[in-house]
Structures are given as structure tokens and as C-alpha cells.
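Everything quoted here is computed from the prediction, not taken from an experiment.
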Amino acid sequence: MTRDHPVTDGLEALYPFLYSGESDLDAVLHQVEQSTVDKVREIVTLRGDVLAADRDRLFACAQDLAHAFRGGGRLLAFGNGGSSTDAQDLASLFLSPAGDAKPLPAFGLTNDIAVVTALSNDIGFDVVFARQIGAFGRPGDIAVGLSTSGNSANLMRAFDEAARRGMVTVGIAGYDGGKMAELDSIDHLFVVPSPSVHRIQEAQTTLYHALWELTLGALDDSGVDQP
């Protein structure tokens, strides 16, 4: 593998100490330690920035989600690649929480690989989430889409379909929000402003865990039993 290979270049940008030619083990270990500390500081700062910017909007979103769940609504989560696994984690968090927290109806739209591949093969990947929302979504349900770039075409179509069906729509994006920031069909949009995919996904995970906790709190405050 040559030094100008894109994969190598990407790794070198993340871990320059591995490509510096440094043979002193103590020096390399010190650089590894410093790199780890720097990344931890970066994500802690980023999480604080997101909280400061979105505190009130997170609370408002949680109120809407609690209202939807009280009315019998279900949460449908979706995303691509790493955001797909985050969407599945989000759905599992609501559906199968640890401890004494009450479960809430939530589903990941990439869980059924037969449906995902059939839609992708027979119709096109751009409709893979919109078609499922069209089949399963109903007024009062919740659609949550995650993306690091905010530019995924299949998320755009899914949000538009969900809005047409009277669903509560929640977008979680990175960078500057991308095309998701231009959509009128997203009720609640949260953007993690970072150029690093790694930090974006770490902060997004924190964000949807906070949203889950706030939603449970809103349901408890309502005095209405959760489903």
C-alpha cells in the first residue's frame, strides 16, 4: 500500500504518530495518550456546545414525542451505514431500556434486511425508507432519521412521506445540517456542528439518549401510564 493511498492518508490524518517514523516507544505511547486526551476533550466540548444550543428544543421535542406515545404512536428510526446502527440503537433504547424504565413501541427500518434489499433492488435505494413509512406509518407516529452529512436522499424522501402522513418528524444531522436543514418536513432538527464523523456520531448518541430520558420524564409528568 503506497503512502498516497486514500485509506492510508485517512489513517495518517487520524493517527499521525503511527506514520511519523518514530522508533522511541515511550514517545509513541505519549503521543497515543495525548491523542486520546485531545479526542476526549473535543467530544466533551462538542456535547456541551450541542446542549447549550439545543437544550430548549430537546425539551420541546420530548414533549411532542411524549404526546405521540400517549396517543398510541410508534417510533420508526432509520439511517444509512453507521447511522443505521445508531437508528437501531435508538429504537432498542426506547423499546428495550435497561433497568425499570418502561418500554415504548419503536422499530428500526433497517432491521428487516429482506425488505431493505428487495426495495433497493426492485425499486431503488432512494425509496427504501419512504416505502416502509408509507406502509407502516400513520398519523401520530414518530419518524426519526439520522445522518452525519444530512444529505442522504432516502432520508429526504422518508421525511417528506412521514410529514404527509401526519407523523412527528425528528432529524439528527452533522456538519451544518446539509439538505436536512432545508426541509420543511422536519419538525425538530438537531445538528452536531463538527467536521469529524467520529465526533458527530458520538455526540448524536448522547443527544438521542438525552431525548429518550426527557421523553420518559415528560410521560411521567403527565400522570398517564406509558404503553
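- Panel note: side chain T169, backbone S185; a donor-acceptor pair is recorded below 3.5 Å.
- The closest side-chain donor-acceptor pair between T110 and S84 falls under 3.5 angstrom.
- Atom NZ in K179 sits 8.0 Å away from atom CD in E182 (nearest 0.5 Å).
- No side-chain donor from either of D86 and Q204 sits under 3.5 Å from a side-chain acceptor of the other.
- Across G79 and A87, no two heavy atoms sit closer than the pair N-CB, 4.0 Å.
- Counting non-hydrogen atoms of other residues, nucleotides and ligands closer than 6.0 Å to CZ of R55 gives a total of 12 or fewer.
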**Request:** Give the C-alpha distance, both sets of side-chain angles, the deciding distance and a yes or no for side-chain contact (heavy atoms from CB on, under 4.5 Å) between L65 and V168.
**Result:** CA-CA 8 Å; L65 297 194; V168 178; 4.2 Å; yes

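- Without hydrogens or angle criteria, R165 side chain to G134 main chain gives a donor-acceptor distance under 3.5 Å.
- Ion pairing between R157 and E161 fails under the 4.0 Å rule for side-chain N and carboxylate O.
- In this structure the side chain of F94 reaches within 4.5 angstrom of the side chain of T215, judged on heavy atoms.
- Minimum interatomic distance between A173 and L189 (heavy atoms only, all atoms of both residues): CB-CD1, 4.5 Å.
- The backbone N or O of L51 lies less than 3.5 Å from no partner atom in the side chain of D54, so there is not a single donor-acceptor pair.
- In terms of modelled atom types and a separation under 3.5 Å, the side chain of R131 and the main chain of A158 share no donor-acceptor contact.
- I172 and M167 end up in different hydrophobic clusters when Ile, Leu, Val, Met, Phe, Trp and Tyr side chains are linked at under 4.5 Å.
- The distance from atom CD of E213 to atom CG of L58, rounded to the nearest 0.5 Å, is 11.5 Å.
- Summarising the geometry of A218 relative to A66, their closest heavy-atom pair is CB-CB, 3.6 Å, with the distance given to 0.1 Å.
- Judged as a ring-ring contact (aromatic ring centres under 6.0 Å, His included), the pairs with a partner in residues 142-193 (not counting sequence neighbours) are, in order, F78-F159.
- Rounding to the nearest 0.5 Å places CG of D89 at 9.5 Å from CG of L146.
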**Request:** Take V170 and L75 through the side-chain contact (heavy atoms from CB on, under 4.5 Å) test and state the conclusion after the steps.
**Result:** CA-CA 10 Å; V170 182; L75 186 151; over 6 Å; no

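- Hydrophobic clustering (side-chain heavy atoms under 4.5 Å, transitive across Ile, Leu, Val, Met, Phe, Trp, Tyr) groups I186 together with L76.
- In this structure, the side chain of Q132 engages the main chain of L109 through a donor-acceptor pair within 3.5 Å.
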**Prompt:** After noting the C-alpha distance and the side-chain angles of V50 and L207, does the key distance pass the side-chain contact (heavy atoms from CB on, under 4.5 Å) rule?
**Reply:** CA-CA 8 Å; V50 171; L207 193 152; 3.7 Å; yes

**Message:** Walk me through whether N80 and N154 qualify under side-chain contact (heavy atoms from CB on, under 4.5 Å).
**Reply:** CA-CA 9 Å; N80 299 295; N154 53 14; 2.9 Å; yes

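- Using a distance-only test at 3.5 Å, with no hydrogens or angles considered, a donor-acceptor pair links the side chain of H209 to the main chain of T205.
- Within 6.0 Å of CG on D184 lie no more than 12 heavy atoms contributed by other residues, nucleotides or ligands.
- The closest side-chain heavy-atom distance from L104 to L95 is not below 4.5 Å.
- The two residues S120 and F125 have their closest heavy-atom pair at OG-CD1, 3.1 Å.
- The closest donor-acceptor contact from the side chain of S194 to the backbone of S196 lies under 3.5 Å.
- Scanning both residues, G73 and D141, for their nearest heavy atoms gives CA-OD1, 3.4 Å.
- I133 and L90 are members of different hydrophobic clusters when ILVMFWY side chains are connected at heavy-atom separations under 4.5 Å.
- Closest of all the heavy-atom pairs between P97 and P103 is CD-CA, 3.9 Å.
- To the nearest 0.5 angstrom, Q201 atom CD is 5.5 Å from S83 atom OG.
- The hydrophobic cluster containing I142 does not contain L155, counting ILVMFWY residues as joined when their side-chain heavy atoms lie under 4.5 angstrom apart, directly or transitively.
- Y208 and F107 are assigned to two separate hydrophobic clusters, defined by single-linkage of ILVMFWY side chains at heavy-atom distances under 4.5 Å.
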